[in-house]
Amino acid sequence: MTVLDPGWGADGRKPHGGHVAAALTPVASRDDNARARLSRAGALCARSAWRDLPEDIVTRCGAIQLQRQSGRVVDFAELARALDFSPEWIRYVDAGQASEIAGVALDRPGLHFPRAMRVQVQPLLDALAATPGVRVEQAAVHSLHPVRGEWLALDSDGRLLARAHQAVLACGVRVRDLLQNSGLLAGNARVRAMHALAGEITLLPARGALGRLRCTVGGDGYVLPAVNGWCVAGGTYVHGATQALVTPEGQAGNLGRVAGLLGASWDPGEVSGLAALPGWAGWRAVLPGRLPAIGPIAGAPGLWVATGYASRGLTWSSLAGELIGASLAGEPLPLEHDLLAEIDPN
């Protein structure tokens with residue numbers, strides 16, 4: 001398998017070099033809706049696919065999703081009773097239990113996801129790129145064209161980059177541009193509606209409460225257990241941005257999210273002495289309904305898309321790999337028909 005990526009190894013850089021870590025936490029809803037079911041399937045796919053990776057790359061630390069204090073408040077105790085899932089998957093915890101799990105004092109109850117993970121993003125990409133049979137090349141694809149049962153990947157000057165009987169477009173919001181350049185966007189209403197949403201994370205020194213954090217804590221934002229002395233806090237959502245940037249406003253927002261999650265446990269003075277906090281900014285590819293688009297492009301045999309991951313790239317990409325791989329191998333698909341319809345890209 002050949003992977004073409006314009007940012008891979010360019011000038012010695014890595015595409016997610018500053019994206020220290022991210023969380024993979026399933027979604028739960030009282031009615032176990034499509035988004036919750038899909039996220040559960042994606043989490044299980046990721047757990048299976050990454051089971052042999054080192055613990056420092058994929059850390060099975062679990063997560064606490066804290067109950068909201070205002071706005072649309074969901075009774076998590078009632079939700080957990082209604083779902084009646086195994087406690088190995090999800091369980092309700094009071095503030096004392098949540099604090100014991102997290103390693104810091106939390107002031108409200110939540111849902112505990114024991115199988116949630118903290119993932120070091122670039123090391124994960126490096127490990128996947130080193131899979132036998134995978135070759136990664138630095139190249140920017142402009143369009144794809146079918147010729148005698150193959151798809152030809154061309155650059156902006158029309159030069160051939162690669163050719164294959166099966167091609168998968170998995171490049172975020174650029175999928176829309178590739179389909180447009182290839183004359184294939186008109187019939188794909190879902191992908192046409194995709195837009196880019198900027199966001200940033202902030203790195204905080206693992207001092208005080210942050211240094212004791214043992215699992216992901218989420219709610220309005222999130223904060224992850226430390227990686228090499230730094231905790232990742234996020235994340236911002238910037239509509240209408242023309243660039244994805246680390247900004248003072250974004251950092252202030254992320255600091256406020258940490259304060260809202262950890263409350264009195266966290267002392268903002270732990271970072272007040274730093275002139276600037278490191279961070280990372282990137283783009284989310286977002287579709288209406290915040291569900292991904294995964295599957296074959298109608299009328300274009302051998303062409304697939306996997307995009308629209310929004311804030312759940314680790315979850316949806318794992319699911320996409322399993323679905324497309326099973327389809328190409330002629331194996332049973334790991335999703336029910338109603339869920340496949342929800343993520344159909346056409």
Side-chain angles (χ1 to χ4, degrees), residues 22-48 51 58-119 209 212-225 234-235 257-265 289-292 309-312 314-316 318-319 322 334-343:
L24 193 160
T25 303
V27 176
S29 68
R30 194 179 189 284
D31 60 352
D32 202 27
N33 59 25
R35 189 162 178 261
R37 292 163 62 198
L38 285 164
S39 81
R40 190 159 63 247
L44 290 170
C45 288
R47 187 177 180 85
S48 175
R51 63 183 178 274
V58 178
T59 306
R60 286 99 177 153
C61 61
I64 299 288
Q65 186 76 11
L66 293 176
Q67 188 163 291
R68 287 182 177 272
Q69 295 177 303
S70 61
R72 188 179 177 185
V73 177
V74 176
D75 186 332
F76 279 175
E78 180 186 350
L79 184 152
R81 283 194 299 270
L83 291 176
D84 194 26
F85 287 166
S86 165
E88 294 182 1
W89 182 258
I90 180 176
R91 67 184 179 114
Y92 173 79
V93 289
D94 61 26
Q97 292 169 319
S99 300
E100 183 177 354
I101 293 165
V104 300
L106 301 174
D107 61 5
R108 56 193 190 274
L111 295 175
H112 179 214
F113 296 89
R115 296 186 178 184
M117 295 175 271
R118 185 205 67 196
V119 179
R212 300 191 300 273
L213 196 62
R214 293 196 293 253
C215 73
T216 297
V217 176
D220 179 13
Y222 59 87
V223 59
L224 308 182
R257 291 178 179 90
V258 174
L261 293 170
L262 302 187
S265 293
R290 298 246 169 169
L291 291 181
Y309 296 158
S311 299
R312 298 196 171 271
L314 295 171
T315 306
W316 301 146
S318 300
L319 180 62
E322 186 68 25
L335 281 183
E336 297 91 336
H337 289 295
D338 63 323
L339 294 181
L340 291 172
E342 293 280 355
I343 61 175

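All values derive from a computational prediction rather than experimental measurement.
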Could I get the full list of side-chain hydrogen bond (donor to acceptor under 3.5 Å, both in side chains) partners for Arg312, not counting sequence neighbours?
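Arg312: no side-chain hydrogen bond (donor to acceptor under 3.5 Å, both in side chains) contacts found.
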What closest approach, in Å, do [X] and [Y] show between heavy atoms, and which atom pair accounts for it?
X: Pro114; Y: Ile90; result: CD-N, 4.2 Å
X: Ser265; Y: Ala209; result: O-CB, 3.1 Å
X: Tyr92; Y: Ala80; result: CB-CB, 3.9 Å
X: Leu24; Y: Ala46; result: CD1-CB, 3.6 Å
X: Asp220; Y: Leu261; result: N-CD2, 4.1 Å
X: Ala43; Y: Met117; result: O-CE, 4.3 Å

In Å and rounded to the nearest 0.5 Å, what is the [atom1] to [atom2] distance from [X] to [Y]?
X: Asp84; Y: Leu79; atom1: CG; atom2: CG; result: 12.0 Å
X: Leu335; Y: Cys45; atom1: CG; atom2: SG; result: 7.5 Å
X: Leu319; Y: Leu314; atom1: CG; atom2: CG; result: 13.0 Å
X: Glu342; Y: Leu339; atom1: CD; atom2: CG; result: 7.0 Å
X: Trp316; Y: Leu291; atom1: CH2; atom2: CG; result: 6.0 Å
X: Arg118; Y: Thr25; atom1: CZ; atom2: OG1; result: 12.5 Å

Main-chain N/O of [Y] paired with [X] side-chain donor or acceptor, under 3.5 Å:
X: Ser86; Y: Glu88; answer: yes
X: Arg115; Y: Phe113; answer: no
X: Ser39; Y: Val27; answer: yes
X: Arg51; Y: Ser48; answer: yes

Kindly indicate whether the side chain of Val74, heavy atoms from C-beta on, has any atom under 4.5 Å from the side chain of Gln65.
no
Donor-acceptor contacts, no H, no angles, side chain residues 94-109, under 3.5 Å, sequence neighbours left out:
unit_1	atom_1	unit_2	atom_2	d
Asp94	OD1	Gly96	N	3.1
Asp94	OD1	Gln97	N	2.7
Gln97	OE1	Asp94	N	2.9
Ser99	OG	Ala95	O	2.7
Ser99	OG	Leu106	N	2.7
Ser99	OG	Leu106	O	3.3
Arg108	NE	Gln67	O	2.7
Arg108	NH1	Gly260	O	3.4

Practice problem: Please step through salt bridge (Lys or Arg N to Asp or Glu O under 4.0 Å) for the pair Arg40 and Asp32, ending with a clear verdict. | Solution: CA-CA 10 Å; Arg40 190 159 63 247; Asp32 202 27; 2.9 Å; yes
Margin query: Under the rule for salt bridge (charged side-chain N to carboxylate O under 4.0 Å, His left out), what residues qualify as partners of Arg290, not counting sequence neighbours?
Written below: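 For Arg290, no residue satisfies salt bridge (charged side-chain N to carboxylate O under 4.0 Å, His left out) once neighbours in sequence are set aside.
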